[in-house]
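Bear in mind the structure is a predicted one, so any value in this text is a computation, not a measurement. All values below come from the heavy atoms of this structure, side chains included, with hydrogens, waters and symmetry mates left out. Just so you know, residue 1 is the first one in the sequence shown, and it goes up from there. Whatever order the structure lists them in is the order used to number ligands and atoms, beginning at 1.
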Amino acid sequence: DAPYKLILLRHGESEWNAKNLFTGWVDVNLNEKGEKEAVRGGELLKDAGLLPDVVHTSLQKRAIRTAQLALESADRHWIPVHRSWRLNERHYGALQGKDKAQTLAEFGEEQFMLWRRSYDTPPPALDRDAEYSQFSDPRYAGLPPELRPQTECLKDVVVRMLPYWFDGIVPDLRAGKTVLVAAHGNSLRALVKHLDGISDEDIAGLNIPTGIPLAYDLDADFRPLTPGGTYLDPEAAKAAIEAVKNQGKKK
Ligand code: DG2
């Protein structure tokens, strides 16, 4: 009954979250609000006495910066950091850079929600040399071309994220470390789907707010003792989850 401690943190609001644009693998930064959310995320960790021993992030600056700011405000800036493309946001294909409200208006609610939240319908692929393509980005140069996505559905994210969960994160938990995972809306939805055993249908209804730590106590089999984990600021999380859900529907 010595549970493992895992904290999930979606990055603070990004410049493109604020503009309501599909982001995916585009490497946008936090805006001022997002920086504040990240700092507050660290304060919440400190207040809860949940001090990370190690942090895992994606290769994208909105998650990297969030981890840095949160750890600074928790006075844990010195802990080891591991980064992997496997924690990157879901690649949003040809939707990257497109306005969510405009996309909803143009294609209708059903198609829009299929692209945003269905488990296995990816958006159309993004051309390798398109404006918002990361295909030739040097940070992914070490990856074989077939692993560099041109679009992804959530199922694709689960498939590429899980090896990192088992090989990169679980060994740290097993060693008794409190682990912080600073990542993205959809890469974290993929992880929560696995942890909580959520069905392919029900995962459509799960949304993750920016900048609010979600703490999990895991049992010996790395299953949550409390299904869904615990947001460190439950009231703020509730409102923010609604806002993510309704993105696109209003300007
Ligand atoms: C958002 C998620 O990812 O968007 O790629 O636009 O977490 O990196 O800001 P994040 C994006 P939705 O799937 O919620 O529309």
Side-chain angles (χ1 to χ4, degrees), residues 8-31 33-35 37-38 41 56-67 69-70 83-107 109-124 126 132-134 149-158 160-161 181-193 203-214 237 239-251:
L8 309 184
L9 180 62
R10 181 180 173 194
H11 59 79
E13 183 175 277
S14 76
E15 284 161 359
W16 280 22
N17 291 149
K19 286 188 186 164
N20 212 19
L21 304 178
F22 286 104
T23 315
W25 277 40
V26 182
D27 197 19
V28 301
N29 217 332
L30 297 180
N31 64 13
K33 181 178 167 201
E35 289 175 358
E37 286 174 343
H56 295 264
T57 74
S58 70
L59 300 187
Q60 299 182 280
K61 68 179 87 159
R62 56 194 188 275
I64 292 169
R65 285 277 293 142
T66 295
L69 290 167
R83 310 186 202 289
S84 173
W85 70 275
R86 293 184 186 275
L87 292 176
N88 271 22
E89 181 52 305
R90 177 260 278 257
H91 193 296
Y92 246 120
L95 296 180
Q96 291 190 166
K98 297 239 184 307
D99 185 287
K100 291 183 188 181
Q102 269 169 27
T103 305
L104 173 62
E106 190 177 336
F107 295 94
E109 169 126 32
E110 201 183 324
Q111 183 62 66
F112 177 77
M113 285 314 287
L114 211 62
W115 281 335
R116 252 191 108 204
R117 288 295 177 263
S118 77
Y119 187 53
D120 51 14
T121 307
L126 183 64
Y132 293 122
S133 166
Q134 296 71 41
Q150 290 174 262
T151 188
E152 290 181 309
C153 58
L154 191 64
K155 189 177 184 177
D156 297 324
V157 180
V158 169
R160 56 100 157 148
M161 184 279 304
V181 178
H184 304 261
N186 293 294
S187 54
L188 291 174
R189 289 176 67 236
L191 182 50
V192 166
K193 182 180 192 297
I203 193 62
L206 185 105
N207 290 287
I208 299 193
T210 54
I212 305 173
L214 174 58
I241 285 167
E242 271 313 293
V244 176
K245 202 161 143 187
N246 294 323
Q247 244 175 1
K249 296 198 180 146
K250 53 181 194 281
K251 263 261 118 174

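- Under the 3.5 Å distance criterion, the side-chain polar atoms of S187 are left unmatched by any main-chain donor or acceptor of A183.
- A donor-acceptor pair shorter than 3.5 Å can be found between the side chains of R117 and N207.
- For ligand 1, the 4.0 Å heavy-atom shell contains residues R10, H11, N17, L21, F22, T23, G24, R62, E89, Y92, K100, R116, R117, H184, G185, N186, Q247.
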**Prompt:** Are Y92 and F22 close enough, and set up right, to give a ring pair (Phe, Tyr, Trp, His ring centres under 6.0 Å), and what steps lead you there?
**Reply:** CA-CA 7 Å; Y92 246 120; F22 286 104; 4.7 Å; yes

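- The main-chain N or O of A63 is never found under 3.5 Å from a side-chain atom of T57 such that the two would form a donor-acceptor pair.
- For W85, the ring pair (Phe, Tyr, Trp, His ring centres under 6.0 Å) test picks out no residue, with sequence neighbours left out.
- Judged by distance alone, the side chains of N186 and E89 do bring a donor and an acceptor atom under 3.5 Å apart.
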